[in-house]
Amino acid sequence: MDFPLIWAVLIAVAVMMYVLLDGFDLGVGILSGFADDDAERNRLTASIEPVWDGNETWLVLGGGGLFAAFPLAYAILMPAFYLPVLVMLAALIFRGVAFEFRHKAVRTVTKKFWNGAFFGGSLAAALSQGLILGAFVQGIEVEGRAYAGGAFDWLTPFSVLVAVSVTVGYVLLGACWLILKTDGATQVGARKWARRALVGVAVSMGMVSLATLSIDPRVTARWGVTMATVDFSTFVILAPIPAAAVGLVVWLWRDTAPTAIGKPDWRAFVLAAGLFLTGYVGLAFSLFPYNVPFAKTVWETAAHDNALGFLLIGAGVLLPAILVYTAYVYALFWGKVTDKDGYAAHG
Amino acid sequence: MEIDALILSRLQFAFVIAFHILFPAFTIGLASFLAVCEGLWLATKREVFKRLYLHWVKIFALAFAMGVVSGVVMSYQFGTNWSVFSDMTGSVLGPLLGYEVLTAFFLEATFLGVMLFGWSRVGNKLHFVATSAVAVGTTISAFWILSANSWMQTPQGHAVDADGRFYAVDWAAVIFNPSFPSRFVHMLLAAYITTAAVVLAAGAWQVLARRGAEPTRWQMRMAAGTLALLMPLQIWAGHWSGEVAHEYQPAKVAAMEGWWETKVGQPTILFAIPDQENERNIAEIGIPGLGDVIVGGEKPLQGLDAFPAEERPPVFLTFWSFRIMVGAGLGLLGLGLWGVALWALGRLDRPGLFHRLAVPGGALGFIAVISGWVTAEVGRQPYTVYGLLRTSDSVAPVSVGQVATSLLVFMIVYAIVFTAGTVYMARIAIRGFDDAPPDETRRAPGTPLAAVDAPAEAPAAK
């Protein structure tokens with residue numbers, strides 16, 4: 001069995017799960033900064049409080065899984081992203097505790113501080129994840145078995161563009177989640193935010209896609225597209241991915257219209273998740289088989305086969321179980337949030 | 001000592017892991033305490049156990065959140081600051097940590113949502129299942145972490161490939177390495193004891209503040225009983241752990257004991273200032289020969305002179321952290337026995353000297369956990385994988401500026417978060433219980449029970 005390949009797919013799925021799940025709750029966190037009043041902010045946080053912790057665990061699986069399956073990739077990438085990883089962790093700490101702390105604070109100033117920490121932490125986490133993704137896609141300088149670049153290699157116009165793209169994308173996911181979980185004025189506001197974010201996503205995703213083509217000749221060759229020419233025989237195979245993205249943008253635009261009467265509230269979220277999926281799959285096609293672009297492949301960085309096999313037994317049994325009980329908890333908390341939900345009501 | 005990325009990375013790791021371990025040490029025990037309370041409530045239908053549950057679950061939620069966010073930091077530390085170590089050990093330690101995420105993290109994190117917010121949506125029994133799942137998850141988590149750390153202390157079941165990387169040849173031998181069983185038991189008991197000390201301290205405060213209610217009486221009895229029961233076991237587990245260390249890490253034990261010379265008739269040293277440079281103790285007060293009795297040998301016991309200077313751990317830290325741990329443990333044993341005696345005499349609910357001492361005693365468990373881990377981790381220096389991979393060969397190729405920045409950021413962030421969290425938890429813990437049982441519906445402000453759910457910063461009722 002090709003264990004490295006199986007694990008590459010598994011970790012890609014884990015990161016995708018993280019992006020979709022923590023993506024919407026980070027997005028809700030960013031939107032909480034624009035809530036009309038405290039009651040609305042409480043509804044926003046109540047919609048994610050029962051699930052955010054489980055969502056964030058996919059990030060631990062991504063980090064832990066990378067260490068377990070591809071220790072060399074983990075050993076090269078983490079020092080390369082030292083500072084943005086630091087920002088991400090600090091941001092996640094602030095927003096994680098702010099879920100609770102903002103309800104424990106009573107003085108206006110401390111309450112404001114933790115509300116600000118929740119918004120700012122969500123925003124900084126999203127931006128730093130985007131910077132990490134951008135730095136990953138643009139390629140890593142490696143010598144031997146170690147990172148050989150500088151402390152700020154991750155900061156380029158391209159990585160900033162990706163950071164904006166990811167952040168706006170999280171806001172889109174968050175807004176679509178709120179369409180599903182809220183009603184009344186909050187839901188109307190969520191539709192507005194979803195449309196604003198969708199415009200940003202469409203523009204930035206298009207720009208990132210074009211910029212990605214010029215990063216490395218191997219990416220260009222895979223898509224058959226350069227800035228000047230198109231090799232249709234190559235492009236046509238992968239063309240369904242961008243085509244699907246365009247289709248989803250149009251559908252989502254119609255689905256988030258202010259008068260979206262008769263449209264099911266869950267559909268916008270599913271469409272937004274689909275849009276993320278197209279971007280993700282597109283990137284995966286561009287970069288495979290590198291997990292340290294463009295220096296090391298999944299096979300060069302893999303752990304020993306017996307380690308991959310040993311952990312695969314566990315993953316094979318436990319991941320389906322995790323998906324089942326995660327789905328159970330989502331189903332349990334299905335429905336619109338009310339003022340009786342969340343920490344605000346339960347102390 | 002020169003300030004380089006290595007020393008800063010070590011400081012940073014010590015700082016973030018010491019901060020992190022406080023929360024698992026508390027939440028492992030508290031999750032089990034909550035499961036016991038809820039189980040007793042289901043079995044006996046006595047309201048007092050539900051009130052205990054509803055009270056402590058609020059503190060649990062805060063502690064758990066801090067444990068989660070400081071734990072995410074840990075899963076990235078190995079890569080950002082110890083990338084060579086990660087590359088070398090990934091094929092052995094990676095799967096152990098992977099199993100922790102798969103078997104424990106998801107279980108805890110997912111069912112925590114049900115535990116905190118799901119009571120109105122699931123029945124009592126299913127809610128108990130959720131609480132138990134969280135408690136079991138925290139215990140499984142400790143299993144894997146202790147296994148991974150113990151492999152680093154007493155590695156076995158592995159081989160080394162052409163690149164110099166470790167890989168497993170026998171997974172059972174890796175997981176159940178020689179120091180794992182004793183250290184796992186020692187840590188689990190430490191978690192239960194730490195929690196019991198906190199629960200006792202909160203109860204003692206309520207008694208002193210004349211705010212003791214029926215749940216206060218119960219929590220005092222449960223906590224004192226737990227301490228009196230588990231502390232003797234813990235002393236045995238610590239001794240067991242020491243015996244294993246003596247067999248596999250004699251340099252660590254020599255440093256813990258402050259033994260410089262290899263000889264028969266080693267003393268048990270009560271006080272000394274180890275002087276690493278001149279290989280001696282200053283102002284030593286000890287009981288000659290007792291060391292031999294404790295270890296139980298006729299042969300000469302190795303001192304630090306049996307190891308070259310570059311193979312010795314920092315003696316001062318190892319020596320004193322061990323004594324602080326033992327001292328804190330004896331304090332907890334004393335509190336437990338005293339508390340049970342007062343219980344038997346019917347005086348546990350009346351404020352007295354015991355209660356005044358039990359309040360600061362709530363910190364003893366944390367002190368013991370931190371100092372015990374310092375003994376274990378400093379004592380196995382200068383290695384990350386004992387005898388095989390040196391700490392100085394494990395560090396990542398990051399610049400001193402980057403590590404200095406991250407250390408500073410973590411110190412500021414943790415100072416803010418830790419202070420706020422401790423204040424919020426302490427306010428809930430000492431607020432105590434109102435005398436009427438809580439009902440299941442939400443209460444309007446101004447009703448007698450509003451204080452129970454009032455935000456922590458509100459002035460305490462009465």
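Values below: every heavy atom of this structure, side chains too, minus hydrogens, waters and symmetry copies. Proteins come first, then strands; the chains are lettered A, B, ... in the order of their sequence lines, and each starts at number 1.
Pairs engaging residues 84-107 of chain B under the ring pair (Phe, Tyr, Trp, His ring centres under 6.0 Å) rule: Trp58(A)-Phe106(B), Phe310(A)-Tyr99(B), Tyr99(B)-Trp144(B) [sequence neighbours left out].
Going from atom CG of Leu116(B) over to atom CD of Glu100(A) covers 7.0 Å, rounded to the nearest 0.5 Å. Here the straight-line distance linking atom CG of Leu89(A) with atom OG1 of Thr80(B) works out to 7.5 Å at 0.5 Å rounding. Interatomic distance, CD1 of Ile93(A) versus CZ of Phe19(B), reported as 7.0 Å (0.5 Å rounding). Distance check: Leu66(A) CG to Ser75(B) OG gives 10.5 Å after rounding to the nearest 0.5 Å. The OG1 atom of Thr110(B) sits 10.0 Å away from the CG atom of Leu323(A) when rounded to the nearest 0.5 Å. Atom CD of Glu49(A) is separated from atom CZ of Phe117(B) by 4.5 Å, given to the nearest 0.5 angstrom.
Between chain A and the residues Thr405(B), Val84(B), Asp163(B), Ile412(B), the largest count of heavy-atom pairs under 4.5 Å involves Asp163(B). Counting heavy-atom pairs closer than 4.5 Å to chain A, the top-ranked of the candidates Gly94(B), Ala133(B), Gly79(B), Gly90(B) is Gly79(B). Annotation: maximal heavy-atom pairing with chain A below 4.5 Å, among Phe111(B), Phe64(B), Trp82(B), occurs at Phe111(B). For the set Val87(A), Asn306(A), Leu77(A), the count of heavy-atom pairs under 4.5 angstrom toward chain B peaks at Asn306(A).
Looking at Val72(B), both its backbone and its side chain come within 4.5 Å of chain A, counting heavy atoms on both sides. Contacts between Val68(B) and chain A at a heavy-atom distance below 4.5 Å involve the side chain alone, from C-beta outward. Interface residue Ala396(B): only side-chain heavy atoms are found under 4.5 Å from chain A. Looking at Val73(B), the atoms closer than 4.5 Å to chain A (heavy atoms on both sides) sit in the backbone and in the side chain alike. If you measure heavy-atom distances from Val92(B) to chain A, you find no contacts under 4.5 Å at all.
Pro71(A) and Arg165(B) get closest at one heavy-atom pair: CG-NH1, 4.2 Å. Closest non-hydrogen pair, Leu107(B) versus Tyr325(A), comes out as N-OH, 3.0 Å. For Thr110(A) against Tyr424(B), the heavy-atom pair with the smallest separation is CB-OH, 4.3 Å. Taking all atoms of both residues into account, the shortest heavy-atom contact from Trp171(B) to Ala307(A) is CZ2-CA, 3.6 Å. The minimum heavy-atom distance between Tyr82(A) and Ser406(B), with the atom names listed, is OH-OG, 2.6 Å. Gly96(A) and Val69(B) make their closest contact through CA-CG1, 3.9 Å (heavy atoms, listed as atom of the first residue, atom of the second, distance).
Side-chain contact check for Asp87(B) versus Tyr74(A): every heavy-atom pair is 4.5 Å or farther apart. Side-chain contact between Val423(B) and Lys104(A) is absent, with no heavy-atom pair separated by less than 4.5 Å. The shortest distance between side-chain heavy atoms of Leu311(A) and Leu102(B) falls below 4.5 Å.
A parallel orientation is assigned to the rings of Tyr167(B) and His304(A), their planes being inclined by less than 30° (bins at 30° and 60°).
For a heavy-atom cut-off of 4.5 Å, chain B lies close to no residue in residues 8-20 of chain A.
Using a distance-only test at 3.5 Å, with no hydrogens or angles considered, no donor-acceptor pair links the side chain of Asp53(A) to the main chain of Gly113(B).
The number of heavy-atom neighbours closer than 6.0 Å to CH2 of Trp334(A), taken from other residues, nucleotides and ligands shown, is 12 or below.
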